[in-house]
Structure formats: structure tokens, C-alpha cells
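Throughout, protein chains are lettered first and strands after them, A, B, ... in sequence-line order, and every chain is numbered starting at 1.
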Amino acid sequence: MPELPEVEVVCRGLIPHLVSRTIRSVQYSGLPLRHPFPVETAQAELTGKTVTSVSRRARYVLIQVESHILVCHLGMTGNLGIFDRNAAKRKHDHIFFELDNGIELRFHDPRRFGSIQLFCHTAAEQLEKTIFSSLGPEPFDSAFTAGYLQKLARGKKGAVKNFIMDNRVVTGIGNIYANETLFLAGIHPKKQVGTLTSPQWQRLHEAILTTLHWAISCGGSTISDFLNASGEGGYFQANFKIYGKEGKPCPLCGKTIEKMVIGGRSSFYCKTCQK
DNA sequence: CAAGTTACCTGACGGC
DNA sequence: TGCCGTCAGGTAACTT
């Protein structure tokens, strides 16, 4: 479900509900997630503690609770939502953080590809050395430039689409936004990444920033199940130009949009507008 | 080392 | 009505 815009939207939505609130209790369904959730440690370390900040790194939501930090990943279908503590528990609700004002942060994830891990904030470097160690720059970081991409791509033979979806190259671009940015930049998704020209890297870099900012401002994309922290969908999907549009006319030239599988993922493109 | 494939899981959907 | 195959926004451990 969540690429960078969706995670950013969730994160911004959580801030006013969580920051400065104290955790009263922690509960866990016990069903396995992508990584084990250390429920007993969480209960011992977080109960009675106050949330100090909520932020995002790559596709992780980081909830800092005094000396500890919850590292949340939404996987494909994960959701971090704010509920009244008396609201009925739903199937696939897995982790519950009861707060001091009667509301509850709930982690809901049907496919259980997501996870919540707990780190000691005083060992923040441990976080950098483990789960963040292989992450490339954030798209909005000044280190992320067209030149950076071109240099990193030199000599590589894979498809440009796989390259920009690689978290070691740049974080947060998944299948939807890879499709959309390549269309906006006029670049074929299967083009060998080492062969892009400087102008193409400039266009692609700009397309990535434009698309991600626009999607965030639309509250993300809701295809089937993405919801923000307040349970509302996004509407960037109304602005999709290429993703999921197989058989429809290209919005630029009118030719039929095609679909192919690249790296196991559905890829949509206009063979006239993307070279 | 780079690039391609598979597994992890549930649910929705189309075809029969 | 239900059974089956296919597909879905991500990631990492495999294999080639």
C-alpha cells in the first residue's frame, strides 16, 4: 500500500494525536508479522511514557517514546490509525497502544507484511547500522540530484524502473510512483539505466520530486485500502496518468497504453511518449 | 557483484 | 454457491 507519499501522510496525521500523549497500555494479537513484535519489552518500557515525536525515514514511521523508538513499516496493507479505545476491534488489528485521553493507536495489517520494531533511542546508531544501513537518500534531501543518479547508474544494465524503485538508490518510490514518474519524464521503464542521458536524468529527477510532492498534497493514493491516520482515503489516484491504465489512450498522444512485467511488477507505459 | 526469482500473507475478482 | 487461478502499494533471502 504505502509508498513515500502515503507514509508521509500517515505520519503527518499521527503527529497531532500522538505527540505529548502518554501510553497507558500495549496489546498484541500475537500473530506473526514480518519481524517479531517484542510485546513484553514494549509493555515494560513504554507504559507510562510519553510520545516525544513522530517522523518518517524512507517508508518507516518512527514514533519516539522518550528513550525508545517504535519503527513501524506498513508493508503492503498496513495501517496506523487513531480510534476510540472502545471502538470494536476489527479482524487484522494486531497492535494496540492505548493513550491517556481515551484514544488508541492501532496497527492493522491483513497481509502482515508490515512490522513494528522497538529500539532503544540511546542506541540510535544501532538503528542506522541495522535497518537503515542500506538506505539511499530521501528524495527531498539535497544529496538526491540528477547527477547523483547518473553517477550511480554508470555501467549498470538493469531497467531504469527497477533502479528508481531500489531503496539503496533512493527511498520511497514504489510501483505506482515509478510508473508515474517515468511517464512524466518520457522515459521507457525498461530502458537500460546506464544509457540515460543527462537531460533524461534531469527530467526524471524533476518528475520524481513533482510527483511525490503532488501526491502528498493529495493525501496519497487510495486504490483499495490505503487510509490516513484518521481513516480517510487519499485522492491522488484520480491523477494517475499511466498506472493501471492498460488499454486506455495515452493522455499525451492518444495511443493505447501498454503493460509489461518488469522485475515481477506490472509496468504501464506509452511506447510513443516513453523512449 | 548485479540481476532475476521466490517467499512471506490475505482478500478481491473473474472464469467456470 | 463455490472452487480455482491471478493479482495487489514491499522487502529480503535466495539463485543464477
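Side chain to side chain, A:T22 and A:T50 meet the donor-acceptor criterion of an N or O pair below 3.5 Å. Checking A:T52 against A:E66 by side-chain atom types alone, no donor-acceptor pair falls below 3.5 Å. With no hydrogens or angles considered, a side-chain donor-acceptor pair links A:H108 and A:D93 at under 3.5 Å.
Atom CG in A:N175 sits about 10 Å away from atom C1' in C:dA8, given to the nearest Å. Whole-Å rounding puts the A:R90 CZ to B:dG11 C1' distance at 15 Å. Regarding A:N162, its CG atom lies at a distance of 9 Å from the C1' atom of B:dG4, rounded to whole Å. For the pair A:D225 CG and B:dT10 C1', the interatomic distance rounds to 11 Å; values are reported in whole Å. Between A:K161 atom NZ and C:dG10 atom C1' the separation is 13 Å, expressed in whole Å. Rounded to an integer number of Å, the gap from A:M165 CE to B:dA3 P is 15 Å. Per the geometry, CG belonging to A:D166 stands 13 Å off C1' belonging to B:dG4, to the nearest Å. We find that NE2 of A:H35 is positioned 15 Å from C1' of B:dC9, with the value rounded to whole Å.
Shortest non-hydrogen contact noted between A:L209 and A:P139 is CD2-O, 3.1 Å.
Residue contacts for A:Y243: at a heavy-atom cut-off of 4.0 Å it reaches the sugar-phosphate backbone alone, with no base atom in range. Among the protein residues, A:D109 comes within range of no part of the nucleic acid, since none of its heavy atoms lies under 4.0 Å from any strand. Nucleic acid contact for A:G174: sugar-phosphate only, since backbone atoms but no base atoms lie under 4.0 Å from a heavy atom of the residue.
Nearest nucleotide to the A:R265 side chain, out of B:dA3, B:dG4, C:dT11: C:dT11. The side chain of A:H92 lies closest to B:dT10 when the candidates are C:dA8, C:dA12, B:dT10. In this structure, the nucleotide among B:dA2, C:dT11, C:dG9 sitting nearest to the side chain of A:K156 is B:dA2.
Residue ring and nucleobase are not stacked for A:F113 and B:dC9 under a centre distance beneath 5.5 angstrom and an angle between planes beneath 30°.
Judged by distance alone with a 3.5 Å cut-off, a donor-acceptor contact links the side chain of A:R34 to the base of C:dT11. Evaluation of atom-type donor-acceptor distances gives a pair under 3.5 Å for the side chain of A:R111 against the base of B:dC9. Residue side chain A:S224 reaches the base of C:dG9 through a donor-acceptor N/O pair under 3.5 Å, judged by distance alone.
When the side-chain nitrogen and oxygen atoms of A:K91 are compared with OP1 and OP2 of B:dG11, one or more of them lie within a distance under 4.0 Å. Distances shorter than 4.0 Å separate none of the side-chain N or O atoms of A:R112 from OP1 or OP2 on B:dC8. In this structure, A:S266 reaches the C:dA8 phosphate: one of its side-chain N or O atoms is under 4.0 Å from OP1 or OP2. Between A:H73 and C:dG10 there is no side-chain polar atom (N or O) within less than 4.0 angstrom of OP1 or OP2. In this model, the phosphate group of C:dT11 is approached by a side-chain N or O of A:N167 to a distance below 4.0 Å at OP1 or OP2.
Under a 3.5 Å cut-off, the side chain of A:T181 and the backbone N or O of A:A178 do form a donor-acceptor pair.
The residue among A:A159 and A:P32 whose nearest nucleotide of DNA chain B is located toward the 5' end is A:A159. Along DNA chain C, the nucleotide nearest to A:I131 and the one nearest to A:I223 differ in position, and the one closer to the 5' end is contacted by A:I223. Toward the 5′ end of DNA chain B lies the nearest nucleotide of A:G155, the other residue of the pair A:G264 and A:G155 mapping further downstream.
Paired runs in DNA chain C that reach 3 or more consecutive Watson-Crick or G-U pairs, where each pair keeps both distances under 3.5 Å, cover B:2-8 with C:10-16, B:10-16 with C:2-8.
To the nearest 0.5 Å, the span separating CD1 on A:I187 from NZ on A:K191 amounts to 8.0 Å.
Figure legend: cation-pi geometry between A:K245 and A:F240 absent, as NZ or CZ is not positioned both under 6.0 Å from the six-membered ring centre and within 45° of its axis.
At a threshold of 4.0 Å, the pair A:K241-A:E180 does not count as salt-bridged, since none of the basic side-chain nitrogens sits closer than that to a carboxylate oxygen.
Comparing the same atom, P, in B:dT6 and in C:dT6 gives a spacing of 13 Å after rounding to whole Å. Comparing B:dC9 with C:dC14, their P atoms sit 15 Å apart, to the nearest whole Å.
A ring-ring contact (aromatic ring centres under 6.0 Å, His included) with A:H73 is found for exactly one of A:F113, A:F107, A:Y60, namely A:Y60.
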